[in-house]
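One structure is given here, and the rest of the page talks about it.
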2 protein chains.
Amino acid sequence: MHSPELVKGTLQTIILKLLADNGRMYGYEITQKVRDLSDGKLVVTEGALYPTLHRLEAENLLITEKEHIGKRVRKYYRLTETGKSSVTERIGEFENFVKTMFTILNLNPGMI
Amino acid sequence: MHSPELVKGTLQTIILKLLADNGRMYGYEITQKVRDLSDGKLVVTEGALYPTLHRLEAENLLITEKEHIGKRVRKYYRLTETGKSSVTERIGEFENFVKTMFTILNLNPGMI
DNA sequence: TATTTTTACCTAAGTTTCCAATGTATTAAA
DNA sequence: TTTAATACATTGGAAACTTAGGTAAAAATA
């Protein structure tokens with residue numbers, strides 16, 4: 001598991017990117033996808049996920065669609081147009097941040 | 001300037017690494033070094049720096065030496081042995097985190 | 001020489017963002 | 001039939017920052 005402090009601030013970017021790649025996803029699906037992609041190294045807890053999803057929805061980056069699966073209501077999230085453009089932006093920000101950190105920490109880019 | 005959320009959690013690593021490279025530094029010097037190395041893109045505010053330095057000292061990763069410069073007292077920070085081993089550890093953690101993020105975000109490593 | 005900027009230390013209040021814990025309920029598997 | 005997995009969510013508290021403020025010496029500039 002990664003140091004939780006490092007993960008802070010990247011959750012929004014992760015969510016937006018996953019939605020950009022997969023069209024639409026529901027909350028639980030996102031937690032599983034992150035777990036799978038990271039080989040269990042990064043775990044998004046529900047206490048972090050749902051407030052973030054609601055925040056992104058309030059900021060008009062996501063919209064929701066409810067779907068009835070048996071007796072359950074599943075809530076799908078999808079990027080708005082604003083959301084789509086902010087994905088690129090945030091990934092760019094993350095890349096730049098990593099570049100800066102590599103410079104400061106004097107790390108070898110080949111390490112990745 | 002980088003998104004402040006991303007910077008969170010990396011400050012300790014930055015401080016420890018700078019001290020590992022420079023032997024000893026004082027607070028103000030650290031803020032300037034980070035600014036220089038990052039071309040102004042990453043600014044460590046004093047409100048973030050000093051509490052962090054004191055925390056690291058309390059955790060026995062740093063020790064201080066006071067030096068009189070004219071009428072002023074300058075406080076130098078230096079790594080303890082524990083501090084030295086934790087630098088490697090934390091940089092490793094950061095690298096692993098970046099690797100995971102690159103996987104999740106499907107980024108090209110060559111980008112750095 | 002007077003004033004501003006830079007150097008240099010620091011704290012306190014407030015915000016954001018997360019984690020841990022808890023709650024509810026359906027569906028699938030053991 | 002009981003446990004695990006699925007699926008939504010909230011709440012309280014901790015951590016780490018930002019903003020703002022305080023003090024004062026030394027250097028640069030007007």
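Keep in mind it's a predicted model, so treat the numbers as computed, not measured. Lettering of chains follows the sequences in order, A, B, ..., and the numbering in each one begins at 1.
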Atom CD1 of B:Ile69 to atom C1' of C:dC9: distance rounded to whole Å?
-> 13 Å
Hey, does A:Gly47 reach any base, or is it just sugar-phosphate, or nothing, if we go heavy atoms under 4.0 Å?
-> base
On DNA chain C, nearest-nucleotide positions of B:Tyr26 versus B:Pro51: which is more 5'?
-> B:Tyr26
Can you find an N or O donor on one side and an acceptor on the other, under 3.5 Å apart, linking the side chain of A:Arg55 with the base of C:dT17?
-> no
Counting side-chain heavy atoms from C-beta on, which of C:dC18, D:dA25, D:dT19 comes nearest to B:Thr45?
-> D:dT19
Proximity to the side chain of A:Tyr50 - top-ranked nucleotide from C:dA8, D:dT6, D:dC8 = D:dC8
Within the structure, does a side-chain N or O atom of A:His54 lie under 4.0 Å from either OP1 or OP2 of D:dT10?
-> yes
Please tell me which of the listed nucleotides, D:dA9, D:dC8, C:dT7, lies nearest to the side chain of A:Tyr28?
-> D:dC8
Whole-Å distance between D:dC17 P and B:Leu53 CG?
-> 11 Å
Selected nucleotide, minimal atom distance to B:Ala48 side chain, candidates D:dA9, C:dC9, D:dT18 = D:dT18
At under 4.0 Å between heavy atoms, what does B:Arg74 touch on the DNA or RNA strands: base, sugar-phosphate, or nothing?
-> sugar-phosphate
Out of C:dT11, C:dC10, D:dA25, minimum distance to the side chain of B:Glu46 belongs to C:dC10
Determine whether the side chains of B:Tyr76 and B:Arg78 contain a donor N or O and an acceptor N or O closer than 3.5 Å.
-> no
Counterpart residues, side chain to side chain donor-acceptor pair (under 3.5 Å), relative to B:Gln12 (two or more places apart) = B:Arg90
Looking at C:dC10, C:dC9, C:dT27, which one has an atom nearest to any side-chain atom of A:Arg72?
-> C:dT27
